[in-house]
Amino acid sequence: MAASNPDAHVIAAGVLRGRHALVTGAGSGIGRAIALGLAAAGADVALLGRRPEPLAAVAAEILTAHPDCHILTEAVDVREIEQVDAALDRVLAAFGKLDILVNNAGGQFVSPAEAISYKGFRAVTRLNLDATWYLGTQVAARSMIPAGYGKIISITMTPRRGMPGMAHSSAARAAVESLTRTWAVEWGRHGVRTTAIAPGIVHTEAWERYGLDPAQVATVVPLGRLQAADEVAAMAVFLASPGGDYVTGTTIVVDGGLDVSGPGSAFGQG
């Protein structure tokens with residue numbers, strides 16, 4: 001079962017009241033935890049994901065805890081710009097604006113670099129980089145820049161050194177971090193802040209599909225355990241809150257010390 005840390009909530013209830021957020025990959029894992037955290041802080045939230053059933057379950061979970069929250073669900077493939085455009089039309093029509101965008105949708109497969117096909121490389125970069133770029137620029141152009149305010153938070157990954165089996169995903173995530181810095185410089189004058197969060201090994205349902213032993217993998221983490229999705233969400237909600245208003249153009253590493261722990265990989269050599 002995926003790990004959780006229900007105590008990883010540090011933002012006062014209602015601090016995001018009146019704000020409107022969109023979270024991609026919101027049907028499970030980190031996206032679900034971020035959506036729950038934003039709603040707990042008072043934001044209205046649009047949930048984007050590929051399958052409607054998980055989105056409906058998260059929406060019901062939020063409304064049970066926060067019945068006054070305005071929740072939208074949009075089943076879209078964020079790699080397809082026509083679907084993204086149509087979803088944004090509906091979200092902006094319902095909310096009027098978007099103050100917070102969390103680019104969380106992502107994924108990859110484990111493979112030696114020389115075995116990754118062009119099709120496989122592009123599948124991973126389209127999801128982790130292209131979709132982040134397109135959604136970020138569209139939300140900024142259509143809502144945040146005209147409004148003079150916005151927060152774009154993108155989820156990348158750590159360790160940020162070389163990680164065997166992750167050449168495609170590492171390249172895409174590094175590009176997102178660079179994009180985050182450039183957006184911050186270009187859009188700061190419009191009141192738009194852009195940041196990235198680099199989590200470590202997050203114990204989610206998706207991670208469990210790798211078939212690895214959590215206790216064994218945790219031995220490479222200085223804090224001695226895998227990360228809970230709630231702990232990533234806590235940082236995202238902080239950045240979205242007024243407490244994060246002077247943070248832009250940077251990637252915050254939240255990984256239990258994995259990035260500085262020396263050689264080794266959660267996926268091993270091979």
Side-chain angles (χ1 to χ4, degrees), residues 8-12 15-26 30-31 33-35 37-46 48 78 84 88 91-92 95 97-106 128-160 170-200 231-255 259-260:
H9 300 291
V10 297
I11 301 299
V15 73
L16 291 177
R17 188 166 290 117
R19 297 298 188 191
H20 302 83
L22 185 155
V23 181
T24 67
I30 295 171
I34 291 173
L38 292 170
D44 296 324
V45 187
L48 265 66
V78 294
V84 171
L88 278 180
V91 170
L92 289 171
F95 282 172
K97 61 175 181 172
L98 278 169
D99 307 290
I100 301 158
L101 167 64
V102 181
N103 288 307
N104 167 72
N128 294 301
L129 172 59
D130 295 17
T132 294
W133 164 77
Y134 189 75
L135 195 51
T137 54
Q138 292 304 301
V139 169
R142 296 180 61 176
S143 182
M144 293 180 176
I145 290 174
Y149 176 88
K151 302 277 187 76
I152 298 177
I153 302 162
S154 300
I155 307 301
T156 61
M157 71 178 188
T158 186
R160 298 159 84 200
S170 295
R173 312 294 186 145
V176 168
E177 293 183 8
S178 180
L179 185 62
T180 294
R181 293 189 291 271
T182 302
W183 279 346
V185 174
E186 291 194 13
W187 296 342
R189 63 193 177 93
H190 300 295
V192 179
R193 292 85 161 167
T194 66
T195 53
I197 300 172
E231 293 169 322
V232 185
M235 179 56 68
V237 176
F238 165 74
L239 290 171
S241 78
D245 279 358
Y246 209 64
V247 184
T248 194
T250 192
T251 297
I252 299 178
V253 178
V254 186
D255 70 350
D259 197 39
V260 296

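We're numbering straight along the sequence, starting at 1. Worth saying up front: this structure is predicted, and the values here are computed from it rather than measured.
Inter-residue side-chain proximity for Ile34 and Ile153 is flagged as unmet; no heavy-atom pair is nearer than 4.5 Å. For the pair Leu239 and Val247, the minimum side-chain heavy-atom distance is below 4.5 Å. Put simply, the side chain of Leu135 reaches to within 4.5 Å of the side chain of Asn103, judged on heavy atoms. Residues Met157 and Ser170 form a side-chain contact, since some pair of their non-hydrogen atoms from C-beta on lies under 4.5 Å apart.
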Could you pull out every donor-acceptor pair under 3.5 Å between side chains of residues 181-193 and any protein atom, sequence neighbours left out?
from	atom 1	to	atom 2	distance (Å)
Thr182	OG1	Ser178	O	3.3
Arg193	NE	Asp245	O	2.9
Arg193	NH1	Gly191	O	2.8

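Of all the heavy atoms in Ala41 and Val237, the pair that sits closest is CB-CG1, 4.1 Å. A pairwise comparison of heavy atoms in Asn104 and Gly25 identifies ND2-O, 3.1 Å as the closest pair. Summarising the geometry of Asp255 relative to Asp259, their closest heavy-atom pair is OD2-N, 2.7 Å, with the distance given to 0.1 Å. Closest non-hydrogen pair, Glu177 versus Ala198, comes out as OE2-CB, 4.2 Å. Gly106 and Asn128 make their closest contact through CA-OD1, 3.0 Å (heavy atoms, listed as atom of the first residue, atom of the second, distance). Thr180 and Thr250 make their closest contact through CG2-O, 4.2 Å (heavy atoms, listed as atom of the first residue, atom of the second, distance).
Distance CZ/Arg17 to CG/Asp44: 10.0 Å, rounded to 0.5 Å. Atom CD1 of Ile100 sits about 11.5 Å away from atom CD1 of Ile152, to the nearest 0.5 Å. Distance check: Leu101 CG to Leu88 CG gives 8.5 Å after rounding to the nearest 0.5 Å.
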Exercise for the section: Could you walk me through whether Leu16 and Leu38 pass side chain to side chain contact (heavy atoms under 4.5 Å, CB included), step by step? Expected result: CA-CA 7 Å; Leu16 291 177; Leu38 292 170; 3.7 Å; yes
Exercise for the section: I would like to know whether Val84 and Leu48 meet side chain to side chain contact (heavy atoms under 4.5 Å, CB included); could you show each step before the answer? Expected result: CA-CA 9 Å; Val84 171; Leu48 265 66; 5.9 Å; no
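Side chain of Lys151 to backbone of Ser241: a donor-acceptor contact under 3.5 angstrom is found. Although no hydrogens or angles enter the test, the distance criterion places a donor-acceptor pair under 3.5 Å between the side chain of Thr24 and the main chain of Ala105.
Among residues two or more places apart in sequence or in another chain, the side chain to side chain contact (heavy atoms under 4.5 Å, CB included) test is passed with Leu92 by Leu98, Arg142, Ser143. Residues satisfying the ring-ring contact (aromatic ring centres under 6.0 Å, His included) criterion with Phe95, sequence neighbours excluded, are His20, His70.
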